[in-house]
Amino acid sequence: MWRRTAAACCVAAGIGLATASVATAKPTPLPAAATATASRPDTCPAAAQGRRIGAIRYTGLNATRPFVVDRARFQQLGHRFSCARYRLEEARLQGLDLFAVIRVTTTPMPQDQLAVTYHFLELPKYIVFPAVRRSDVYGWLVGPAVSFLNFLGRDIRLEAFLRSAVAPKPFVATELLFEASSPWIGRAVPVEYAMRVLRNQAFDAVKLFNESSWNARLSFFHRMTWRFRLIYAAEFTQVSPDPLNPTFDRASNPTPVPVVLNNQGDLVLGLSAGVLWDSRDRRVNPHSGLRFEATVGQYGGVLGGPANYQRVLFDHRSWLHVRWTPSQLTILHLSALARLRPGRMGVYDYYVVGGPNSLRSVAQSSELYGQSEVLGTAELRHELFDRRPFSLFGFHLYAGLQVVAGGDVALLWRPQDALNGPPRVASAVYGGLHVLLPGVDRVRFELGWHRDAQGRWQSGFSVGLFEKSRTQRLRHR
């Protein structure tokens, strides 16, 4: 089984081939392999190239602590100004998603030195808003939310959501979600963390049971070099039994199996570890680079609980671009996600595909579920403009716009298939517009087409938030 699992993983991975006078923290050293990038218009003050830096100052940091910028900065006091370093740090600062505008100016100093000043317009510290989410399982969910984009000025993001389904079936699901994340622990510990706690109360129309569950996950990404990280994660899932629907019994699954393995409910603990390579030019709306993650985990079994399965995960995301004009470029985005899970688990934990976060234009059905899955996407994005700043009600924001076209594919293995049988395969093509916004990365408006079981072409319109290669990982099964 493990040889088949490893082989399937290798195939899946191949699918996607405030003002400060001087910085107080040591700036990040420039990677030896780093070079200037042409993935956006050049804003570097070329006349400053090669001149020695005598002072570094910040303006506009009303909420953000200066050390947050220090950690992303490559220019160093006493060194010579470099446009290559500036382009790299500009991309890193944009990737923090804390600023609407980032600009640098230089002024002469005695002894042929320069004073380098970084000018910032900050995004709002927090936003209270009506949260809208499109779930592959439950449709549209709406409710109140609060998002602290820069908690305590330390680049900590805290978000809380309370949402209920409104369409197509109102109140079929209610979720309470809390998330916390930051690229650093404290001021200088190079460990990124992400915590997620989800309370879900819903009727699952594919698996036909009333779900009452808790799920929590804590992940650490330990930076060993500028691009390479070690991953450690812990997770638990608690699911209560549904006395009205104790078994999963459908035509596509002729042998009834229990939805929950334990009559008193399931509590499944999991531990995983892995590696991450991340060479993206920026974290939000990358134009070039590779993000590749591989992890192995154990769930239940020796950790306790009724389940006992392993999870092998490969997550590949890459971006390539061609620039046509100083303000327009075309990006090829490839992604492949493989989550292979041999072992024993409850039906509630099966993956289901269909919707804007997995397989666009395809509606969910009893046929599109599996214990293991591989999802792939190839997408062309023509960027009309990127990070155009504007103000709304006194808040500094930015927006961008992309025209996109691409295709999705999904492979699903059910328990009886093991991994040596043919998977269930579904695919779709799509096109649309992506509106780039702070806080949510992008809003995706897409029209897609796919063939149904009778070979007829069907169409569907979908709206999604964030990069699809991100949300397919965050799907609630």
Side-chain angles (χ1 to χ4, degrees), residues 18-20 37-46 48 56-66 68-75 83 86-107 116-129 147-151 153 155 157 159 183 280-288 319 321 323-331 381-404 433-445 465-467:
T19 302
T37 175
S39 63
R40 61 188 62 84
D42 194 357
T43 59
C44 180
I56 297 175
R57 306 186 180 101
Y58 304 145
T59 67
L61 297 185
N62 301 316
T64 306
R65 305 289 184 94
V68 172
V69 178
D70 295 342
R71 296 184 307 208
R73 184 169 51 76
F74 287 120
Q75 308 289 354
C83 279
Y86 170 71
R87 295 184 190 106
L88 285 166
E89 67 188 6
E90 180 189 37
R92 293 186 71 181
L93 288 166
Q94 289 176 344
L96 297 178
D97 209 21
L98 301 177
F99 309 110
V101 175
I102 302 166
R103 186 170 58 91
V104 67
T105 59
T106 60
T107 54
V116 180
T117 304
Y118 294 80
H119 306 269
F120 300 96
L121 280 180
E122 295 177 317
L123 295 172
K125 290 186 293 185
Y126 65 90
I127 303 173
V128 179
F129 59 99
S147 179
F148 292 87
L149 303 180
N150 191 11
F151 185 65
D155 193 16
R157 178 162 295 192
E159 297 175 300
R280 292 174 293 175
D281 60 344
R282 53 182 176 177
R283 293 170 64 94
V284 179
N285 186 35
H287 289 171
S288 62
W319 297 263
H321 75 271
R323 180 168 290 283
W324 307 108
T325 70
S327 60
Q328 295 187 18
L329 74 161
T330 299
I331 304 161
R381 304 170 174 173
H382 182 66
E383 191 161 86
L384 300 179
F385 58 90
D386 173 35
R387 295 185 70 92
R388 184 169 294 177
F390 68 96
S391 295
L392 182 66
F393 304 120
F395 293 113
H396 301 299
L397 304 167
Y398 67 82
L401 184 63
Q402 296 175 342
V403 180
V404 305
L433 292 175
H434 289 184
V435 181
L436 311 179
L437 294 171
V440 296
D441 180 12
R442 65 190 62 229
V443 182
R444 299 180 277 119
F445 301 94
L465 302 177
F466 295 100
E467 185 98 63

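The backbone N or O of Phe74 lies less than 3.5 Å from a partner atom in the side chain of Glu89, making a donor-acceptor pair. Without hydrogens or angle criteria, Asp97 side chain to Gly439 main chain gives a donor-acceptor distance under 3.5 Å.
More than 12 heavy atoms of other residues, nucleotides or ligands lie within 6.0 Å of CZ in Phe466, so this atom counts as buried by the packing criterion.
Using modelled atom types, one finds a donor on one side chain and an acceptor on the other under 3.5 Å when comparing Glu383 with His287.
Here CZ of Arg103 is found 8.5 Å from CG of Leu121. Values are rounded to the nearest 0.5 Å. Expressed to the nearest 0.5 Å, how far OH of Tyr126 lies from CZ of Arg157 amounts to 16.0 Å. Distance check, rounded to the nearest 0.5 Å: NE2 of His382 to CD of Gln402 gives 10.0 Å. Atoms NE2 and CZ, from His434 and Arg442 in turn, are 6.0 Å apart once rounded to the nearest 0.5 Å. Atoms OG1 and NE2, from Thr330 and His321 in turn, are 10.0 Å apart once rounded to the nearest 0.5 Å. Expressed to the nearest 0.5 Å, how far CG of Leu88 lies from CZ of Arg73 amounts to 14.0 Å.
Tyr58 and Tyr118 have perpendicular rings, their planes meeting at more than 60° on a 0 to 90° scale where under 30° would count as parallel.
Shown here are the side-chain hydrogen bond (donor to acceptor under 3.5 Å, both in side chains) partners of Thr105, two or more places apart in sequence or in another chain: His119. Legend: residues meeting salt bridge (charged side-chain N to carboxylate O under 4.0 Å, His left out) with Arg280, ordered by chain and number and at least two apart, are Asp278.
Taking all atoms of both residues into account, the shortest heavy-atom contact from Pro286 to Asp281 is CA-OD1, 3.5 Å. Nearest heavy-atom pair, Cys83 versus Pro45, reported as atom, atom and distance to 0.1 Å: SG-O, 4.3 Å. The two atoms that bring Leu149 and Pro124 nearest to each other are CD1-O, 3.3 Å, heavy atoms only. Of all heavy-atom pairs spanning Ala100 and Leu397, the tightest one is CB-O, 3.5 Å. The two residues Pro389 and Val101 come nearest to each other via the heavy atoms CB-CG2, 3.5 Å.
Thr106 has its side chain out of reach of Thr117: every pair of non-hydrogen atoms, C-beta onward, lies at least 4.5 Å apart. Put simply, the side chain of Val404 does not reach to within 4.5 Å of the side chain of Leu433, judged on heavy atoms. Residues Trp319 and Asn285 are not in side-chain contact: their nearest non-hydrogen atoms beyond the backbone lie 4.5 Å or more apart.
Put simply, the residue from Leu93, Asn62, Thr64 that forms a side-chain contact (heavy atoms from CB on, under 4.5 Å) with Phe120 is Leu93. Each of Asp155, Leu61, Ile102, Ile56 was compared with Val69 under the side-chain contact (heavy atoms from CB on, under 4.5 Å) criterion, and only Leu61 meets it.
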- [ ] Report the C-alpha distance between Leu401 and Leu436 in whole Å, list the side-chain angles of each, state the deciding distance to 0.1 Å, and finish with yes or no for side-chain contact (heavy atoms from CB on, under 4.5 Å).
- [x] CA-CA 6 Å; Leu401 184 63; Leu436 311 179; over 6 Å; no

TODO: I would like to know whether Leu384 and Val403 meet side-chain contact (heavy atoms from CB on, under 4.5 Å); could you show each step before the answer?
DONE: CA-CA 7 Å; Leu384 300 179; Val403 180; 4.0 Å; yes

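Pairs passing the salt bridge (charged side-chain N to carboxylate O under 4.0 Å, His left out) check and including a residue from residues 116-129, sequence neighbours excluded, do not occur.
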